[in-house]
Amino acid sequence: MFNNKRIKELRQRIRELELTCNDLDVSLDYKNDIIKDLQRKITEHEYREQLWEKERKELNNVISNLMEEKNKLTAKKIRSAKSAKRNTSKK
């Protein structure tokens with residue numbers, strides 16, 4: 001059977017294992033908190049990226065519309081200049 005010394009050793013080992021388990025629990029909680037924080041940051045970053053992408057598309061549309069207006073005005077000026085040139089050459 002077990003003697004007293006062996007029982008004490010087993011009890012000590014059990015205490016050590018319980019402490020190790022407690023330490024692991026604390027470590028897991030800490031790491032889980034870090035993971036949650038990183039997930040939150042990733043979500044915020046993805047949201048910001050979506051906003052930036054939306055803003056980029058809107059700015060590209062504004063630029064495209066402005067370029068189209070500029071081209072229309074240029075074409076209109078060219079037509080009116082040709083028209084004015086024809087009118088002056090007929091006289």
Would you please name every residue forming a salt bridge (Lys or Arg N to Asp or Glu O under 4.0 Å) with [X], sequence neighbours left out?
X: Lys77; value: none
X: Asp29; value: none
X: Arg13; value: Glu16

Apply side-chain contact (heavy atoms from CB on, under 4.5 Å) to [X] and list each qualifying residue two or more places apart in sequence or on a separate chain.
X: Asp37; answer: Arg40, Lys41
X: Lys31; answer: Ser27
X: Thr43; answer: none

Donor-acceptor pairs under 3.5 Å, side chain of residues 45-52 to any protein atom, not counting sequence neighbours: which ones?
unit_1, atom_1, unit_2, atom_2, d
His45, NE2, Glu49, OE2, 3.0

Under the side chain to side chain donor-acceptor pair (under 3.5 Å) test, residues paired with Arg15 that sit two or more places apart: Gln12

Write out all pairs satisfying salt bridge (charged side-chain N to carboxylate O under 4.0 Å, His left out) with one or both partners inside residues 54-66, taking only residues at least two apart or from two chains.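 Residue pairs with at least one partner in residues 54-66: Glu53-Arg56.
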
Nearest 0.5 angstrom please: Leu19 CG to Leu24 CG, how far? 11.0 Å

Looking at CD1 of Ile35 and CD1 of Ile42, how far apart are the two atoms once the value is rounded to the nearest 0.5 Å?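 Ile35 atom CD1 to Ile42 atom CD1 measures 10.5 Å (nearest 0.5 Å).
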
For Ile34, which fellow cluster members are found when Ile, Leu, Val, Met, Phe, Trp and Tyr are connected by side-chain heavy-atom distances below 4.5 angstrom, either directly or through intermediates?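 Under the 4.5 Å side-chain rule, Ile34 groups with Tyr30, Leu38.
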
Side-chain hydrophobic cluster, 4.5 Å single linkage: members besides Leu66: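 Grouped by the 4.5 Å side-chain rule, Val62 form the rest of the cluster around Leu66.
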
Can you list every side chain to side chain donor-acceptor pair (under 3.5 Å) pair that touches residues 59-76, not counting sequence neighbours?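 For residues 59-76: none.
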
